[in-house]
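Chain naming here is simple, since letters A, B, ... match the order of the sequence lines and numbering starts at 1 in each.
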Number of protein chains: 2
Amino acid sequence: MATITVPQVVPSPAEDAAALLKAFEGWGTDEQAVIAILAHRDSAQRKQIMLEYEQNYKESLIQRLQSELSGDFERAMYHWVLDPVERQAVMANAATRCIQEEYPVIVEIACANSSAELVSVKKAYHALYKCSLEEDVAARATGKLRSLLLALVSTYRYDGDDVNMGLARSEAEAVHEAVRDGASGDHEELIRIVGTRSKAQLNATFSCFKDEHGTSITKALPRWTDPTGYARALRTAVRCVADADKYFAKVLRNATREAGTDEDSLTRVVVMHAEKDMKGIRDAFQRRSSATLEQAVAKETSGDYRSFLMALLGS
Amino acid sequence: MATITVPQVVPSPAEDAAALLKAFEGWGTDEQAVIAILAHRDSAQRKQIMLEYEQNYKESLIQRLQSELSGDFERAMYHWVLDPVERQAVMANAATRCIQEEYPVIVEIACANSSAELVSVKKAYHALYKCSLEEDVAARATGKLRSLLLALVSTYRYDGDDVNMGLARSEAEAVHEAVRDGASGDHEELIRIVGTRSKAQLNATFSCFKDEHGTSITKALPRWTDPTGYARALRTAVRCVADADKYFAKVLRNATREAGTDEDSLTRVVVMHAEKDMKGIRDAFQRRSSATLEQAVAKETSGDYRSFLMALLGS
């Protein structure tokens, strides 16, 4: 469930657009007014506001926001006002340009969406970039990282709950053998399994793996050195498929570490999930931390960026 | 365009269902009456007839047809009355069970459909088989055949006309190098290109290939021996992407050779395309043959099977 809050009585899109224009005008921008409006409207409402703004004031709201705001706040707001499906296409495209570092974005989009949602993102990708996500991933990644990411973004996974337990047992063994042998294991087989099976089936396989070998698949995945980033991407995919809430909670925990905040990851997870499933992520965060997610975010951020994230987190 | 003909005034689904029941009853089945109805109704009308038949007579029309008809005629009619999208899912599933011989079915479904149509087939596959087409292909094919077929069925290709000519030139070279080296070529790269690029982009690449090397890609593809069937499947995919009408015309030419008719391929192409794009295939057939498609089919088939195919071909 979402964490954003929308007032019971919402102003008309024209009123919101006028209030935004007012916030932009005069000495400096009234960032709090911008947050008070845009962080408390759902995606359909934000879309209406953008249309109304452009029609009435003959300029793009996104471009105006980019010129009025700055830093992490601006980047977060830019992604927030995009349509959720287009936003993922934009983020995926940016990630393909720096794929060895940004592979988590691709893995998350491929593994945390339903199959139908992933097709929508790929359709938006076609419209925006006149090519497919698959060809950009294939052309820009190399080696096993390419095989894995291409499999993840390509497959239209079965979304149902039906599970074949015999298959889960035999594939748990195949996974075990590949993992046991580290870099020299049969990763083609491992990628086939992780890349095509349904989430329910994979979770049954991971469960058999744990029963049989006394350790979870995520702990068993060896951390061998791999210049293409494949080993890390594989771990990311397995964790994201096994329990998306727990995975995102961990991304947020890492992003809000005292040693240094990772604003890009923090923004990405909050913006992409605030309107969707952030409550589950927040609960998963709380289960493994002494602080709540809101406390952690508040501690590691500041200014308008903090106000904006806190608003998206519902506090 | 389609070749089937639907009368200007169509009986109601209840009337058609009653006429079918009448054709089944008494001494022997009146096959001509069955053809006169079902070969001249479009998929929406056939669906209505099936619903009406089942409701009024408490039995499945498909099962009754299977018990009343026999041989090639029965197999053709069974596939014809299925919903076009479900029919492809059923055919793809059957092909995965015998994938080294039946790979053309998978290649055709992956390459001759639009991206949106392919997603619909995959969605129907989920509903029918409680798993994905991708996992069945991945689990049942091996080696390079698996890599190729999995790439083809997975990718959500860009469907637009935008082409990058610089890319076409560089990928034509990559294709040339892989093809030149036969079995030892870089087939991962070749599969990436054929498996992810849009049809417009691939056709630009194949065109650059011909300009540069004086021979078409289909002629240049070496016919090396490959136990998995990869080389043949690659040729099938390239021909299907390059010109689907010409490809299907050639399948029909091979299927109606004097040396022996291939009823499975003949039925598949006629049933799958009669309501869609058979006119283009028929024209492509005529351009390379002394006989028309109708003449070739009439010569190599007989009885009710012939009558049915001729009706689907619009003669």
Side-chain angles (χ1 to χ4, degrees), chain A residues 89 110 114-116 118-144 146-147 149-164 167 170-171 174 188-202 205, chain B residues 89 110 114-116 118-144 146-147 149-164 167 170-171 174 188-202 205:
Chain A
S114 71
S115 296
L118 178 57
V119 171
S120 306
V121 173
K122 294 201 277 188
K123 202 169 165 183
Y125 199 99
H126 288 191
L128 288 169
Y129 303 109
K130 309 294 173 205
C131 69
S132 67
L133 174 56
E134 285 90 333
E135 54 194 312
D136 281 348
V137 167
R140 293 169 190 169
T142 54
K144 287 201 200 92
R146 167 158 100 184
S147 305
L149 295 181
L150 187 54
L152 297 175
V153 297
S154 297
T155 310
Y156 184 74
R157 283 180 207 270
Y158 172 59
D159 268 337
D161 294 327
D162 296 67
V163 163
N164 178 334
L167 188 68
S170 71
E171 292 195 340
E188 199 184 319
E189 194 64 1
L190 188 54
I191 290 171
R192 172 186 71 79
I193 295 169
V194 175
T196 63
R197 296 299 184 195
S198 73
K199 289 178 199 170
Q201 183 69 38
L202 281 173
T205 300
Chain B
S114 72
S115 297
L118 178 57
V119 171
S120 306
V121 173
K122 295 201 277 188
K123 201 169 166 185
Y125 199 100
H126 288 191
L128 288 169
Y129 304 108
K130 308 293 174 207
C131 69
S132 67
L133 174 57
E134 285 91 331
E135 57 193 310
D136 282 348
V137 167
R140 293 169 191 169
T142 53
K144 287 201 200 90
R146 166 157 101 186
S147 305
L149 295 181
L150 188 55
L152 295 176
V153 298
S154 298
T155 310
Y156 185 74
R157 283 180 209 271
Y158 171 58
D159 268 338
D161 293 327
D162 296 68
V163 162
N164 178 333
L167 188 68
S170 72
E171 293 195 340
E188 199 184 321
E189 192 65 1
L190 187 54
I191 290 170
R192 171 186 72 77
I193 295 169
V194 174
T196 63
R197 296 298 183 195
S198 73
K199 289 177 198 170
Q201 182 70 38
L202 282 173
T205 300

What part of [X] gets within 4.5 angstrom of chain A, counting heavy atoms only: side chain, backbone, both, or neither?
X	answer
B:Glu171	neither
B:Leu150	side chain
B:Arg197	both
B:Ala139	both
B:Asp159	backbone

Is any side-chain heavy atom of [Y] closer than 4.5 Å to one of [X]?
X	Y	value
B:Leu152	B:Val137	no
A:Arg157	A:Leu202	yes
B:Glu188	A:Arg146	yes
A:Ser132	A:His126	yes
A:Asp136	A:Cys131	yes

Segment of A:Ile193 engaging chain B (4.5 angstrom heavy-atom cut-off) | neither
Of the listed A:Val153, A:Leu167, A:Asp162, A:Asp161, the one with the largest count of heavy-atom pairs under 4.5 Å with chain B is A:Asp162
Rounded to the nearest 0.5 Å, the CG atom of B:Leu128 sits from the NZ atom of B:Lys123 at a distance of 13.0 Å
